[in-house]
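Below is one structure; the comments refer to it alone.
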Number of protein chains: 2
Amino acid sequence: MTSCETCVVRNRAICAGLDDREIATLNAIGRRRVVTAGESLIWEDDDSLLVANVIDGVLKLTTSTEDGREQIVGVAYPSDFIGRPFGQTSSASVVALTDARVCVFSRNDFDRFAREHPELEHKLLERTLAELDRTRSWMMLLGRKNASEKIATFLLEMSDRLAESGCTPAFGPAKRFSLPFSRQQVADVLGLTIETVSRQFTKLKNEGVVELPSRREVEILDRGALKALAG
Amino acid sequence: MTSCETCVVRNRAICAGLDDREIATLNAIGRRRVVTAGESLIWEDDDSLLVANVIDGVLKLTTSTEDGREQIVGVAYPSDFIGRPFGQTSSASVVALTDARVCVFSRNDFDRFAREHPELEHKLLERTLAELDRTRSWMMLLGRKNASEKIATFLLEMSDRLAESGCTPAFGPAKRFSLPFSRQQVADVLGLTIETVSRQFTKLKNEGVVELPSRREVEILDRGALKALAG
DNA sequence: ATGCCTTTTTGACATCCGTCAACGTCGTGC
DNA sequence: GCACGACGTTGACGGATGTCAAAAAGGCAT
């Protein structure tokens, strides 16, 4: 078992700030796990049995209606925390978008550990508050923006988020990046259909705002135009 | 100044569980404030200067685009916590929908107190996690439901939420209740226009699913039908 | 009660986006 | 290289919802 000492998100995840003894305890109750692209880690409405830290890879959080409509309600990147501590059921499924490595804990073990370590709970609180902020601004997008504003906002956000994870040598937003989403998944994030997403991408390409070297690759040619479109 | 001892939300808000000495400290840094219907308590993108507990009344959390489109991203009821601790700016405006009483703290004072009281931070964490769950299920509504599903879901949620606050003598969802929202505000919650909301209300009334005794009053005649419509 | 203003409802119309269907492209295994 | 299947693009079309306008209903002060 790989230990926390060599963990690449050690200083960014909620475990940052724990001392050696605490890390040892955490190490004892957690274990590494690989989730391959497309594989589920947590099921919506299931008993909330586990929580986890993302070490690398990208995962989606989704909710679905009975008739199969899906909405992606969150995306987890390295160092993000996933799962629902202190609750009986999780309100979203968690599925890997890329092959991913996570550090999983049984919810009970984690809850107990967290309650005994206020510093960790505080980090979790800060993270949850930030996630709530992001989620709320996404509600604005879902409720009030039209398709082209949605796509522009999405591309700008991806450019920021993927840069953070160190995909570009320098800081600042990534000019070129590889989407962890299929077209259908982009649609599920934005509350659109795959056809509308495709048409909007083509439109941006024709207008010279972006370049689309391959299905998953995006290069932003005119960030200003994108910002104007995002509204 | 009215003190915590007589506070009606004393045992439901995050201050529950604090001992007498702690309550005294909290009492010293907080103060009661009345917010009249329509009045703002917190402004979007402003420095996050204060946080508060809702004592009574209902408030909306909103985000807006530059061109004036508004989305209600949350609703705060008695015992709910509002504001953005541990952050420099708040991501939403908070405006009273009804006359309301709140217990406000300067963010700095609150942050300091919270960091010294893990039990309070834990309660805040639980509340924030629950709010995140609710927000995510609302994203499903905004992104994937049609107008009639939105309205049906909204009425069922209002019926549950308003019952909790003790508006009905017995437990369970309220059959009849008074909306704290104007038609425009309902539209801002659901990501619709006022006209669409009005037409959907009229449709439900004509189908005998609800009765609308006045602009703000709703009586649910056929909860089963509403649940079926909510999807 | 009357008048005035705000909110809501209703109608006519426009449009954005979803639906359905066909076609094109990419990746993979043989 | 070829065939296959998954994914993505494009086109034609329809309908749900937005827009604009006017009328109706309610609320409030005089």
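We name chains A, B, ... by the order of the sequence lines, and we start the count at 1 in each one.
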Residue met sooner reading DNA chain C from 5', once Arg199(B) and Ser182(B) are mapped to nucleotides:
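On the 5' side of the pair lies Ser182(B).
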Do Glu211(A) and Lys205(A) meet the salt-bridge criterion of a basic N to acidic O distance under 4.0 Å?
no
Under a 4.0 Å N-O cut-off, is there an ion pair linking Arg144(A) with Glu70(B)?
no
Gap between atoms [atom1] and [atom2], on [X] and [N] respectively (whole Å):
X         : N       : atom1 : atom2 : answer
Lys205(B) : dT10(C) : NZ    : P     : 6 Å
Glu149(A) : dT15(C) : CD    : P     : 17 Å
Arg183(B) : dG26(D) : CZ    : C1'   : 12 Å
Leu204(B) : dT9(C)  : CG    : C1'   : 15 Å
Arg215(B) : dA24(D) : CZ    : P     : 15 Å
Asn146(A) : dC17(C) : CG    : C1'   : 10 Å
Gln184(B) : dT9(C)  : CD    : P     : 12 Å
Glu195(B) : dA21(D) : CD    : P     : 12 Å

Under 4.0 Å: is that the gap between some side-chain N or O of Thr196(B) and OP1 or OP2 of dA16(D)?
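Checking dA16(D) against Thr196(B), no side-chain N or O comes under 4.0 Å of OP1 or OP2.
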Is the NZ or CZ atom of Arg183(B) both under 6.0 Å from the centre of the six-membered ring of Phe201(B) and within 45° of that ring's axis?
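Judged by the rule, Arg183(B) and Phe201(B) form a cation-pi pair.
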Looking at every strand, decide which applies to Ser214(A) at a 4.0 Å heavy-atom threshold: base, sugar-phosphate, or nothing.
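Nothing, no heavy atom under 4.0 Å.
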Closest non-hydrogen atom pair, Asp99(B) against Thr36(B):
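It is OD1-CA, 3.3 Å.
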